[in-house]
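Quick note on labels: first sequence line is chain A, next is B, and so on, each numbered from 1.
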2 protein chains.
Amino acid sequence: MKETLTDPLTADKMGGLRMTKQRQVVYEVVQEMAMEHPTASAVYAKAKELMPTISLATVYNCLETLTDAHAITQVNIDREASRFCPNLQPHAHFFCAKCDSVFDVDLHHKADASEPWNLPEGSLIDEVNVAMRGVCPNCRED
Amino acid sequence: MKETLTDPLTADKMGGLRMTKQRQVVYEVVQEMAMEHPTASAVYAKAKELMPTISLATVYNCLETLTDAHAITQVNIDREASRFCPNLQPHAHFFCAKCDSVFDVDLHHKADASEPWNLPEGSLIDEVNVAMRGVCPNCRED
DNA sequence: TTTCTTTTTTAGAATAGTTCTTGATATAAA
DNA sequence: TTTATATCAAGAACTATTCTAAAAAAGAAA
């Protein structure tokens, strides 16, 4: 058996996923905290405010389910804890080494992430993951 | 106190790092296994053949030291174990989802990794990390 | 509805990769 | 030499995440 829609508000974004209370809470929290690119524990902390009985395991489960359903994206930088992002457009991430914040970086108009790369002839690219490190405009001024 | 050179053969690549037997072994192994992009445990396994008394902790220490000295690079894909790479040229990594191998991908002539990206005005980029997932030419034929 | 089946949740145990701690060794400086 | 510093080895500790098993919830069938 599989997915049924229960919540019309988010159904379209959930790709026909069964929408439980927990998934809804986790999804909302990821959206609210989008700018922070929260880790699983950060989502957990916030989610508990809305639903005190939710467990960390459930937060992990929901994040995985939502990721698999392409409702959110998992963002990894080095070996740090994964962060989660509701931005579904192709984009890169910029990590400021000074303030530790994460910014979404869009592609230039009509640009392609694999553009500068001399890909092996005949390879099939599913996904290009781009992470940048540096100092953000705010921190450069300090 | 800091670095002294002991091994003229690799000194240039080690950025003036104190060259101990262990670091030398680890460095050699990473070079030998470059095509495999070995993990720390893979390096450990091979290093033990050359130096049976070496410990896993030491392999981790050496890999970190060599990485900090820019003699090798640490490569991360998702949350998998880190891999290590002696290729110091700017390059991306391509991960074949079928055969699990990793390929180095070079930049096109005069191209820049940050080219397609609309970076925040005034930001300073230290490092651009590019990882691609897909199916390699070999696996596509199967 | 009531019952049956499947999915999801919870809590805690387990795991994997990595880092830390401590005492022993080795290397360099004086 | 003697002294100071850096590195090593072994194993314990840590952290993010996944797994396990039992309870709860959701949906389907009757």
Atom-to-atom span, [atom1] of [X] to [atom2] of [N] - whole angstrom:
X	N	atom1	atom2	value
A:K21	C:dT7	NZ	C1'	18 Å
B:E80	D:dT17	CD	C1'	14 Å
B:M19	C:dA28	CE	C1'	17 Å
A:D78	C:dT18	CG	C1'	14 Å
B:L63	C:dT19	CG	P	10 Å
B:Y44	C:dA16	OH	C1'	16 Å
B:M51	C:dT25	CE	C1'	13 Å
B:R18	C:dT27	CZ	P	8 Å

Handout entry: Side chain B:R79, main chain A:R79, donor-acceptor under 3.5 Å
Key = yes

Exercise for the section: For the pair B:R133 (side chain) and B:C96 (backbone), establish whether a donor and an acceptor sit closer than 3.5 Å, ignoring hydrogens and angles. Expected result: no

Exercise for the section: Let me know, please, whether B:R79 or B:I54 comes out on the 5' side of the other along DNA chain D by nearest nucleotide. Expected result: B:I54

Which one, [options], comes nearest to the side chain of [X]?
X	options	result
B:R23	D:dT7, C:dT9, D:dT17	D:dT7
B:Q22	C:dT7, C:dT18, D:dA9	D:dA9
B:A57	C:dG17, D:dA16, C:dC20	C:dC20
B:S55	D:dT17, C:dT10, D:dA9	D:dA9
A:A81	D:dA16, D:dA10, C:dT7	D:dA16

Handout entry: First encountered from the 5' end of DNA chain C, between B:Q74 and A:C62
Key = A:C62

Problem - CG on A:D106 to CG on A:N87, rounded to 0.5 Å - result: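 Output value for this atom pair is 7.0 Å.
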
Problem - Geometric class of the A:H93/A:H37 ring pair [parallel <30°, tilted 30-60°, perpendicular >60°] - result: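 Because their plane-to-plane angle is over 60°, the rings of A:H37 and A:H93 count as perpendicular.
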
Base, sugar-phosphate or nothing for [X]? Non-hydrogen atoms, less than 4.0 Å.
X	answer
A:S82	sugar-phosphate
A:T53	sugar-phosphate
A:N61	base

Exercise for the section: For the residue pair A:S82 and A:Q74, confirm or rule out a side-chain donor-acceptor distance under 3.5 Å. Expected result: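 Yes, A:Q74 and A:S82 have a side-chain donor paired with an acceptor closer than 3.5 Å.
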
Handout entry: Below 4.0 Å: OP1/OP2 of C:dT10 and any side-chain N or O of A:T58
Key = yes

Exercise for the section: Compare side-chain N and O positions of A:Y60 against OP1 and OP2 of D:dT17 and report whether any pair is under 4.0 Å apart. Expected result: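 Indeed, a polar side-chain atom of A:Y60 lies that close.
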
